Amino acid sequence: MDPLPASLARPLVSAPALLAEPGGDPARGPRLVDCRFRLDDPGAGELAWRRERLPGAPYLHLDRDLSGPIVPGRTGRHPLPEREALRERFRLRGIARDRTVVFYDDAGGPFAARAWWLACLAGHPDAHVLDGGLDGWRAAGGALETGAPSAPVAAPPWPDAPPLVTAVDADTVLAALRAPETVLVDARARPRFEGREEPIDPVAGHLPGARCLPFDGNLGPDRRFLSPEALHDRWASVLGPDPAAAICYCGSGVTAAHDVLAVVAAGLPPPRLYAGSWSEWITDPARPVARGPEAPAGP
C-alpha cells in the first residue's frame, strides 16, 4: 500500500517543531499562510494580518479566497470553490504544490482547517495546520513580522491531481438519510444543533439522525488539539468501522473541516464533508429538518 501523503499522515504541526527546522533556502521552507477570520467582522482577520503576521505569510480570506460565489436560494454561506479556481488562488498567494504549506489562525483552527481541507481537495500532498495557531507561535518564541506585508510571488501553476478528501452534495446527504448505517456528524454547538438557538441561519435544527460533536471538543484548554490518543477516543466509537463513509457538516462547511482534521490527526481515514452544510440544506424547504436532542444511536 502506498504511504499516506503528509497532508493526511501528519496534518498538525507544532510551533516548536517549525522553529526547530534547520535553516537553508527560505524559498523552499514551509510556506506559512494566515487564515484569521471573524464571522461577525469579516474584515478583522485581514486587518490583523496587515498589522502583524508570521514571517512572510500571505493572507487567505474565508469569503473571497476559500469560498465560491453565493447563489441566493441555492448555496450555503461559504460555497465550495471550483477546484481549478482554488488552485489558482493558492498559486497567486505563492503556495506551490511541491512545497510544504502550513495554515494558521487565532481561533483554535477552524479557518486554518478549512484551508487545509481545501488544499487536500486540490491535491496538495504536504499541507498542515499550525497547532495552537498564532498564540502557539508566540508562546514558542516565534518572531512576528510587522509593517506593510509584501506582495506574494506567484507559484508555478498547479498540475491537476486527485483529491485527498471527499466532498459530498445535498443529494448524497439525502440518500444517506435513508441509510441508517451512515454516520452524520454536526460540528456546531449543541444549542444550535438542537434548534434552541440560531444566531446565523434562518432555520434552526439539524439533519435527522445526526450526532453532535462540536468542533471545540477537539481542543484542550490551551486551544491546542488533543493528543492523537484522546482524539481517537473521541471519534473512533462514533464513526464506527468505516470512518471514510461518515459525513461531517456544520453551518457552512468551515468548522466541519475542523472535525475532519481531528479525525485524521487521530490516525483515522478522513470522513466525507458536506460542504454546503446546514445553510445550504435549508434553502430547500422539502429537505427534512430535526430539532431537539440527537436521536438514539440504535434501537
Side-chain angles (χ1 to χ4, degrees), residues 2-15 17-37 45-46 49-50 52-68 80-105 109 111-131 133-134 136-137 142-145 148-167 257 260-261 264-265 270 273 275:
D2 293 335
L4 284 175
S7 297
L8 301 182
R10 300 179 302 279
L12 295 171
V13 62
S14 70
L18 273 181
L19 291 166
E21 288 199 4
D25 182 0
R28 303 305 305 166
R31 165 62 86 180
L32 308 174
V33 181
D34 195 313
C35 302
R36 284 176 283 175
F37 192 80
E46 187 170 20
W49 166 77
R50 292 189 179 280
E52 60 178 13
R53 68 209 74 86
L54 270 61
Y59 182 74
L60 288 173
H61 191 283
L62 175 63
D63 293 341
R64 294 196 309 265
D65 301 313
L66 301 177
S67 302
L80 197 63
E82 295 291 337
R83 290 180 72 231
E84 183 175 349
L86 181 61
R87 290 194 297 265
E88 182 68 3
R89 292 172 192 176
F90 283 152
R91 184 187 78 81
L92 292 176
R93 294 301 187 281
I95 302 169
R97 189 178 175 275
D98 62 352
R99 179 180 177 184
T100 301
V101 58
V102 179
F103 302 104
Y104 72 91
D105 62 32
F111 308 111
R114 166 78 169 202
W116 165 83
W117 186 85
L118 288 174
C120 290
L121 187 69
H124 198 298
D126 200 5
H128 310 267
V129 167
L130 177 59
D131 194 10
L134 187 68
W137 181 263
L144 292 177
E145 180 182 272
S150 57
V153 176
W158 285 32
D160 194 9
L164 306 179
V165 291
T166 303
V260 175
L261 175 62
V264 172
L273 190 149

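Predicted, not measured: the structure shown is a model, and the values here were computed from it.
Considering every non-hydrogen atom in both Val264 and Pro270, the closest pair reads CG2-CB, 3.6 Å. Shown here for Trp117 and Leu273, the closest heavy-atom pair between the two residues is CZ2-CB, 3.7 Å. The two residues Trp137 and Ala143 come nearest to each other via the heavy atoms NE1-O, 2.7 Å. Between Ala257 and Ala113, the shortest heavy-atom contact is CB-O, 3.7 Å. The two atoms that bring Ala161 and Arg97 nearest to each other are CB-NH2, 3.4 Å, heavy atoms only. Nearest heavy-atom pair, Leu164 versus Pro5, reported as atom, atom and distance to 0.1 Å: CD1-CG, 3.9 Å.
Taking 4.5 Å as the limit, some side-chain heavy atom of Leu144 sits within range of a side-chain heavy atom of Leu134. In this structure, the side chains of Phe111 and Leu66 stay at 4.5 Å or more apart for every pair of heavy atoms. When side chains are defined from C-beta on, Leu60 does not count as touching Phe37, because their heavy atoms never get closer than 4.5 Å. Side chains of Arg93 and Val33 form no contact here, defined as non-hydrogen atoms less than 4.5 Å apart.
Put simply, OG on Ser67 and CG on Leu80 are 9.0 Å apart, with the number rounded to the nearest 0.5 Å. Atoms NE2 and CG, on His124 and Leu118 in that order, are 13.0 Å from each other to the nearest 0.5 Å. Atoms CZ and CZ, on Arg31 and Phe103 in that order, are 11.0 Å from each other to the nearest 0.5 Å.
Glu46 pairs by the side chain to side chain contact (heavy atoms under 4.5 Å, CB included) definition with Trp49, Arg50, Tyr59, His61, Arg64, not counting sequence neighbours. For Thr100, the side chain to side chain contact (heavy atoms under 4.5 Å, CB included) criterion is met by Pro30, Val102, Asp126, His128, not counting sequence neighbours.
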Go through Arg87 and Glu84 one step at a time and tell me if the salt bridge (charged side-chain N to carboxylate O under 4.0 Å, His left out) criterion holds. CA-CA 5 Å; Arg87 290 194 297 265; Glu84 183 175 349; 5.2 Å; no
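The 12-atom threshold is exceeded at CD of Glu145, counting heavy atoms of other residues, nucleotides or ligands nearer than 6.0 Å.
A donor-acceptor pair is defined here as one N or O able to donate and one able to accept, closer than 3.5 Å; such a pair exists between the side chain of Arg89 and the backbone of Asp65. Tyr104 contributes a side-chain N or O that, together with a main-chain N or O of Leu54, makes up a donor-acceptor pair within less than 3.5 Å. A donor-acceptor pair is defined here as one N or O able to donate and one able to accept, closer than 3.5 Å; no such pair exists between the side chain of Ser7 and the backbone of Cys120. A donor-acceptor pair is defined here as one N or O able to donate and one able to accept, closer than 3.5 Å; no such pair exists between the side chain of Arg114 and the backbone of Leu62. Judged by distance alone, with hydrogens and angles left aside, the side-chain atoms of Asp34 form no donor-acceptor pair with the main-chain N or O of Arg53 at under 3.5 Å. Trp158 contributes a side-chain N or O that, together with a main-chain N or O of Ile95, makes up a donor-acceptor pair within less than 3.5 Å.
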